[in-house]
Amino acid sequence: PWVYNFSKNNSIMNTTQMINFFNEQTENYHSNSKNPEMIKVEDFVVKDEKSIKWDDKLFRKVKLGKILELNKKDFREAYRTPFCKEFLFFNENWNWSRVLLPKVFPESTTDNLLISAIGKGASRDFSVLISNTVIDYHFEQNGQCFPLYYYEEREKYDISLFDSGNESEFVRRDGISDFILEQARKIYGPKVSKEDIFYYVYGFLHSPEYRIKFANDLKKMLPRLPLVDEPRDFWKFSKAGRELAELHINYESVPPYDAVKVTGAESGYYKVEKMRFPSKEDKSRINYNSKITIENIPDKAYEYIVNGKSAIEWIMERYQVTTHKESGIKNDPNDWADEVGNPRYILDLLLSIITVSVQTVDIVNELPKVKWE
């Protein structure tokens, strides 16, 4: 709750409060303790969850006397769950572990794609989802990530006399190896690119036959993929992967599903508190708010399951007003609609996700059938 929020202003306010409190505790620890080395930080600082969320890493920084600052460049759009953007304070001091994400998205403007797959030890059935920005570890449960590119900091000796001075401080490297490119070209021809292989992976990991055949293995280890025998099947998987990626990245701009009926939108009242089904048995209708109802949602839309539930139900769960019990921090999705300047944003998003779900199911149903020996 301290580093995610639908409102950028609230994000800045929350993190500023937390950083100021941390710095006060650090100064108090080193000024009021006669022998700081002999006193445990965790026994000295004030454990007030309305002011901070402590962890071992922060305790160590207090011990070292670190004074931390807020950098507004660290606020980014990110995904905590599928199809739900929030502002994230992306900072090594205040995120427990960023692993290799800084190499995948070193800057907020970095152009990259990342396939996230449900990881080892997860309780949910296997699924994948692509992103073009920073994601949370549980974007896909116990997420394992596979980037199109990764970035390394440019060393001083990489700069030559002929550089224009506009070069990025990061050097882009390929996430797809030269080895697998060479193998693919031997089978499918010289026109195969690393992007083709990347999208092949995204398409193949949606294969129902693959997920069923290796369901138990996918709970224990990273996915292992074959290169299919037939060139036409490779290109079908790669083309499907591109289509799925286009849908899943640009989901906000996908038109509403034709058959869906929306009533009450003319009221102009688009704020949400909590979306609901009229009953557990009837998911063809969603009560968006007290004024607006969405009807004729096809059953097929609920067949698209990502990270353990349908994409539609992720929208319903995440786009509700919540107040975190321990910190008292409020997170209001209507703030995001204000941020993007579209009061209908959440309603339009839900309508788009219905289409995205149906089209995803259609693409997956047309994937080549994999034959296993």
Side-chain angles (χ1 to χ4, degrees), residues 1-81 86-108 116 119-123 133-145 151-153 169 318 322-332 335:
W2 287 100
V3 295
Y4 282 106
N5 205 280
F6 285 110
S7 164
K8 189 171 185 179
N9 284 337
N10 288 345
S11 296
I12 293 171
M13 181 180 67
N14 293 336
T15 50
T16 299
Q17 175 187 331
M18 181 171 60
I19 291 170
N20 288 342
F21 184 82
F22 170 86
N23 289 336
E24 288 173 4
Q25 296 300 301
T26 300
E27 290 172 352
N28 288 341
Y29 177 76
H30 285 276
S31 62
N32 296 330
S33 175
K34 294 181 180 179
N35 192 353
E37 296 300 320
M38 301 300 294
I39 300 175
K40 288 185 177 180
V41 171
E42 50 268 45
D43 294 337
F44 182 89
V45 299
V46 177
K47 297 184 182 66
D48 177 10
E49 293 214 14
K50 292 192 180 297
S51 300
I52 196 169
K53 178 65 177 178
W54 290 107
D55 62 23
D56 290 341
K57 187 162 67 173
L58 289 177
F59 287 146
R60 290 195 294 272
K61 291 184 184 299
V62 171
K63 191 87 170 178
L64 294 170
K66 297 288 185 181
I67 298 298
L68 304 180
E69 297 180 354
L70 182 140
N71 187 339
K72 291 186 179 180
K73 291 183 179 180
D74 291 337
F75 290 94
R76 303 193 184 191
E77 292 183 8
Y79 290 101
R80 189 175 359 178
T81 57
E86 295 179 70
F87 289 104
L88 166 67
F89 185 49
F90 189 60
N91 179 283
E92 63 178 341
N93 295 314
W94 299 100
N95 306 144
W96 171 249
S97 176
R98 301 191 300 171
V99 201
L100 296 179
L101 277 174
K103 288 193 172 219
V104 181
F105 297 106
E107 299 177 296
S108 60
S116 176
K120 296 180 287 185
S123 58
T133 189
V134 170
I135 59 173
D136 193 86
Y137 179 51
H138 289 298
F139 176 69
E140 289 275 9
Q141 189 182 21
N142 299 353
Q144 301 286 339
C145 298
Y151 293 79
E152 295 179 340
E153 286 195 58
E169 62 181 296
R318 295 304 308 168
T322 60
T323 301
H324 186 248
K325 182 179 178 181
E326 287 76 14
S327 66
I329 292 174
K330 183 179 180 180
N331 198 12
D332 187 342
D335 290 337

Problem - Verdict with reasoning, V104 to Y151, per side chain to side chain contact (heavy atoms under 4.5 Å, CB included) - result: CA-CA 6 Å; V104 181; Y151 293 79; over 6 Å; no

Exercise for the section: Evaluate the criterion side chain to side chain contact (heavy atoms under 4.5 Å, CB included) for residue pair T81 and D136; output intermediate values, then yes/no. Expected result: CA-CA 7 Å; T81 57; D136 193 86; over 6 Å; no

Exercise for the section: Test side chain to side chain contact (heavy atoms under 4.5 Å, CB included) on V46 and S51 and set out the steps. Expected result: CA-CA 9 Å; V46 177; S51 300; over 6 Å; no

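Applying the 6.0 Å contact sphere to NZ of K61 captures more than 12 heavy atoms from other residues, nucleotides or ligands. Heavy atoms of other residues, nucleotides or ligands lying less than 6.0 angstrom from CD of E69 number 12 at most. Open room surrounds NZ on K120; 12 or fewer heavy atoms of other groups in view lie less than 6.0 Å from it.
V3 and W94 make their closest contact through CG1-O, 3.8 Å (heavy atoms, listed as atom of the first residue, atom of the second, distance). Minimum interatomic distance between E152 and K103 (heavy atoms only, all atoms of both residues): CG-NZ, 4.4 Å. For the pair S116 and G143, the tightest heavy-atom approach, listed with the atom from each and the gap, is OG-CA, 4.3 Å. Of all heavy-atom pairs spanning V45 and Q25, the tightest one is CA-OE1, 3.4 Å. Counting all heavy atoms, side chain and backbone alike, E86 lies closest to R318 at OE2-NH2, 3.6 Å. Shortest non-hydrogen contact noted between K63 and V41 is CD-CG2, 3.7 Å.
For the pair K57 (side chain) and S97 (backbone), a donor-acceptor distance under 3.5 Å is absent. Between the side chain of T133 and the main chain of E77, a donor-acceptor pair closer than 3.5 Å is present. Remark: the backbone N or O of F6 is paired with a side-chain donor or acceptor of N331 at under 3.5 angstrom. Judged purely by atom type and a 3.5 angstrom limit, N5 has no side-chain atom pairing as donor or acceptor with the backbone of F87. Side-chain atoms of N95 come within 3.5 Å of backbone N or O of F89 as a donor-acceptor pair.
If you take CD on E153 and CD on E169, they are separated by 6.0 Å, rounding to the nearest 0.5 Å. In this structure, CG on N91 lies 10.5 Å from CZ on R76, to the nearest 0.5 angstrom. The line from CD1 of I52 to OG1 of T15 is 11.5 Å long, rounded to the nearest 0.5 Å. Annotation: the span from K66 atom NZ to L58 atom CG amounts to 13.0 Å, rounded to 0.5 Å. To the nearest 0.5 Å, atoms NZ (K50) and CD1 (I329) are separated by 9.5 Å. The CD atom of E92 sits 10.0 Å away from the CZ atom of F90 when rounded to the nearest 0.5 Å.
Below 30°, between 30° and 60°, or above 60°: for F59 and W54 the angle between ring planes is below 30°, a parallel geometry. Aromatic ring pairs are classed by plane angle as parallel below 30°, tilted from 30° to 60° and perpendicular above 60°; the pair Y79 and F139 is tilted.
Residues that satisfy the ring pair (Phe, Tyr, Trp, His ring centres under 6.0 Å) test with F105, not counting sequence neighbours, are absent from this structure.
The side-chain heavy atoms of S123 and Q141, taken from C-beta on, include a pair separated by under 4.5 Å.
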